[in-house]
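Inspection log for the structure reproduced underneath, given as structure tokens.
Start at 1 and go down the list; that is how both ligands and their atoms are numbered.
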Amino acid sequence: MMNFSYTRATTVGDAIQAVAGDPQARFIAGGTNLVDLMKYDVERPGRLVDITRLPLKAIEQTADGGLKIGALVPNSDLAYDARIERDYPLLASAILAGASAQLRNAATTGGNLLQRTRCYYFYDAGVPCNKREPGSGCPAKTGVNRIHAILGASDACIATHPSDMCVALAALGATVHVEGPDGARVIAFEDFHRLPGDTPEKDNTLAHGEMVTAVELPAPRFGQNHTYLKLRDRLSYAFALVSVAAAIELDGDVVSEARIALGGVAHKPWRVPEAEALLKGKLPSSGAFEEAADRLLKGAVGHGENDFKIELARRAVVRALSQAAAGTPQVQSNKIVN
Ligand SMILES: Cc1cc2nc3c(=O)[nH]c(=O)nc-3n(C[C@H](O)[C@H](O)[C@H](O)COP(=O)(O)OP(=O)(O)OC[C@H]3O[C@@H](n4cnc5c(N)ncnc54)[C@H](O)[C@@H]3O)c2cc1C
Ligand code: SF4
């Protein structure tokens, strides 16, 4: 039996104060990840601060033509928002590639960013895991690692970040608004999640007590030439082995801008600006896409069971860029219109 107290916050300030002042306290939003982690005895918060009643549920236009998405906007509402469907279809598609309709109704924008790895060992409190218990070891390195990282991993941890939504947000150049005991700040998406290094227990760059209040999208781009391609063991309701968010802008026949982010391959969505730059000024072609894929995957290392992911990711990047260039985005198999 695990004892914990439960508080429902009525203001952002109260919620931050309650969590910041207690190292054992956690925010809870949709609860679709945190409650599972508590049931598996992975997380043992002494106090839950429920943030679901806070006024962070709006999607608002920004002065520069972008959108500011409140941290408590449910994943479903975001994917089916008319402005997101029209102006940011890559994001809508990535969200609909994840989880199930029921989960997406409960899961929130902030919670999606902060969901934890699906490494099997992390979820099994009976075995060592450096992310769960620093210094205890990483059985995944020589164990069952089909779903694990091929890029940016460390000796301490080879886990991946499991989100689909975050891969699209990385490609679109989103920013994350946070508030904490020391005030508010805005974090570029590539700086929000981190690589494991020798502190794999830290998934991101938030301090304890800092709350995600919103995610901001820049003014719309890539509305025509984009795709979110997710490859997984089951056609729906499964996390990505490899996913690709690809977006291209064309000036006449040539690529003027490209974005490529990979999911399922690293501790954070994986972007390499040099790989994207290789496409600029080129005609869309398999040769150019293969060159970009090779640069994106430079340094990729398998750990046995996941060796196949390197070639899978390379082919997925080429296919995603081809889909994006042709303006024929992947249709998500589990898209349910509600
Ligand atoms: C069976 C299953 C399948 C799934 N499949 C997929 C999938 O294919 N793709 C995918 O992307 N996701 C998938 N998910 C994950 C799902 O998207 C996440 O569980 C969900 O997005 C988490 O949001 P939440 O609001 O429920 O977070 P919670 O569970 O409430 O919280 C998660 C973490 O975030 C923290 N937190 C929450 N909100 C904030 C905030 N505003 N500021 C600071 N900290 C905060 C909490 O303290 C906690 O540590 C799946 C989940 C399940 C259970
Ligand atoms: S990969 Fe990371 S999360 Fe998985 S067992 Fe190793 S340390 Fe733990």
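- Evaluated for a side-chain contact (heavy atoms from CB on, under 4.5 Å) with Arg104, the options Asn75, Leu78, Thr32 yield exactly one hit, Asn75.
- A donor-acceptor pair under 3.5 Å links the side-chain atoms of Thr227 to the main chain of Gln330, judged by distance alone.
- With a heavy-atom cut-off of 4.0 Å, Pro200 does not touch ligand 2 at all.
- Between Gly110 and ligand 1, no N or O atom pair is found at a separation short of 3.5 Å.
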Set out, in order, the CA-CA distance, both residues' side-chain angles and the distance that settles side chain to side chain donor-acceptor pair (under 3.5 Å) for Asn112 and Gln115, then state yes or no.
CA-CA 5 Å; Asn112 194 303; Gln115 63 175 296; 3.1 Å; yes

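- At a 4.0 Å heavy-atom cut-off, ligand 1 touches Lys230 through the side chain alone.
- Distance from atom 25 (O) of ligand 1 to its nearest protein heavy atom, with residue and atom name: Thr108 OG1, 2.6 Å.
- Counting heavy atoms under 4.0 Å from ligand 1, residue Gln115 touches it through the side chain alone.
- Any N or O atom pair closer than 3.5 Å counts here, and Ala71 shares no such pair with ligand 1.
- Considering CD of Glu216 and CZ of Phe189, their distance stands at 13.5 Å, rounded to 0.5 Å.
- One distance of note links CD1 of Ile248 with CD of Glu276; it measures 10.5 Å at 0.5 Å rounding.
- The protein heavy atom nearest to atom 47 (O) of ligand 1 is Phe27 O, 2.5 Å.
- With Asp203 as the partner, the side-chain hydrogen bond (donor to acceptor under 3.5 Å, both in side chains) test is satisfied by one option alone out of His193, His161, Lys131, Arg194: Lys131.
- Note on ligand 1: Pro45 sits outside its first shell, no heavy atom being nearer than 4.0 Å.
- On a distance-only criterion, Asp164 and ligand 1 share at least one N/O pair closer than 3.5 Å.
- Close approach to Ala107 involves these atoms of ligand 1, each under 4.0 Å from a residue heavy atom: 20 (C), 21 (O), 23 (O), 25 (O), 26 (O).
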Passes side-chain contact (heavy atoms from CB on, under 4.5 Å), Lys309 versus Arg146? Steps please.
CA-CA 8 Å; Lys309 274 191 174 189; Arg146 178 173 171 76; over 6 Å; no

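- Looking from atom 50 (C) of ligand 1 to the surrounding protein, the closest heavy atom is Phe239 CZ, 3.4 Å.
- Proximity of Asp198 to Ser154: side-chain heavy atoms (C-beta onward) are nowhere separated by under 4.5 Å.
- Residue contact check: Ala156 has heavy atoms under 4.0 Å from atoms 7 (S) of ligand 2.
- Salt-bridge formation is not detected for the pair Arg271/Glu190: no Lys NZ or Arg NE/NH1/NH2 atom is positioned less than 4.0 Å from an Asp or Glu carboxylate oxygen.
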Do Val176 and Leu169 pass the side-chain contact (heavy atoms from CB on, under 4.5 Å) test, and can you show the C-alpha distance, the side-chain angles, and the key distance before you say yes or no?
CA-CA 10 Å; Val176 185; Leu169 290 175; over 6 Å; no

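- Scanning the protein heavy atoms around atom 2 (Fe) of ligand 2, the nearest turns out to be Cys157 SG, 2.4 Å.
- The option with the heavy atom closest to atom 33 (C) of ligand 1, from among Asp36, Leu114, Val167, is Leu114.
- Looking from atom 5 (S) of ligand 2 to the surrounding protein, the closest heavy atom is Tyr121 CB, 3.5 Å.
- Of all the heavy atoms of Val178, none lies under 4.0 Å from any atom of ligand 1, so neither backbone nor side chain is involved.
- For ligand 1 and Gly98, the ligand atoms under 4.0 Å from any heavy atom of the residue are 7 (C), 8 (O), 9 (N).
- Residue Thr32 has at least one nitrogen or oxygen atom sitting less than 3.5 Å from a nitrogen or oxygen atom of ligand 1, judged on distance alone.
- The protein reaches atom 28 (P) of ligand 1 closely, with a heavy atom under 4.0 angstrom from it.
- Proximity of a side-chain donor or acceptor of Thr108 to a complementary backbone N or O of Leu72 within less than 3.5 Å is not detected.
- Considering backbone and side-chain atoms alike, Ala29 places an N or O below 3.5 Å from some N or O of ligand 1.
- The shortest N or O to N or O distance between Val35 and ligand 1 is not below 3.5 Å.
- For atom 2 (C) of ligand 1, the choice among Leu103, Asn112, Val12 with the nearest heavy atom turns out to be Leu103.
- Taking 4.5 Å as the limit, some side-chain heavy atom of Leu96 sits within range of a side-chain heavy atom of Tyr80.
- Atom-to-atom distance recorded for Asn204:CG and Asp191:CG is 12.0 Å, nearest 0.5 angstrom.
- What sits closest to atom 42 (N) of ligand 1 on the protein, heavy atoms only, is Val212 N, 2.9 Å.
- In the vicinity of Leu34, heavy-atom distances shorter than 4.0 Å reach the ligand 1 atoms 29 (O).
- By the 3.5 Å distance cut-off applied to N or O atoms, Tyr237 is not counted among the residues near ligand 1.
- Scanning the protein for heavy atoms near atom 3 (S) of ligand 2, the closest one is Cys129 SG, 3.5 Å.
- A donor-acceptor pair is defined here as one N or O able to donate and one able to accept, closer than 3.5 Å; no such pair exists between the side chain of His303 and the backbone of Ile150.
- Between Pro128 and Glu133 there is no side-chain heavy-atom pair separated by less than 4.5 Å.
- Residue-to-ligand polar distances place Asn33 within reach of ligand 1: an N/O pair is separated by less than 3.5 Å.
- Only backbone heavy atoms of Ala238 (N, CA, C or O) come within less than 4.0 Å of ligand 1; its side chain stays farther off.
- Taking OG of Ser243 as the reference point, atom CG of Leu231 lies at 8.0 Å (rounded to 0.5 Å).
- For atom 7 (C) of ligand 1, the nearest non-hydrogen atom from the set Ala99, Ala106, Ala97, Ala214 comes from Ala99.
- The shortest N or O to N or O distance between Ile51 and ligand 1 is not under 3.5 Å.
- One N or O on the side chain of Asn130 and one on the backbone of Gly137 form a donor-acceptor pair closer than 3.5 Å.
- Judged purely by atom type and a 3.5 angstrom limit, Lys57 uses its side chain to pair as donor or acceptor with the backbone of Thr52.
- Of the protein's non-hydrogen atoms, Cys119 SG, 2.3 Å is the one closest to atom 4 (Fe) of ligand 2.
- With respect to Arg185 and Glu210, a salt bridge is recorded, a charged nitrogen being found less than 4.0 Å from a carboxylate O.
- Looking at atom 1 (S) of ligand 2, its nearest protein heavy atom turns out to be Ile158 N, 3.3 Å.
- The distance criterion of under 3.5 Å between nitrogen or oxygen atoms is met by Gly30 with respect to ligand 1.
- Salt bridge annotation for Arg315-Glu311: present, with a cationic side-chain nitrogen under 4.0 angstrom from a carboxylate oxygen.
- When heavy-atom distances to ligand 1 are checked against a 4.0 Å cut-off, Leu72 has no atom that comes that close, whether in backbone or side chain.
- Looking from atom 6 (Fe) of ligand 2 to the surrounding protein, the closest heavy atom is Cys138 SG, 2.3 Å.
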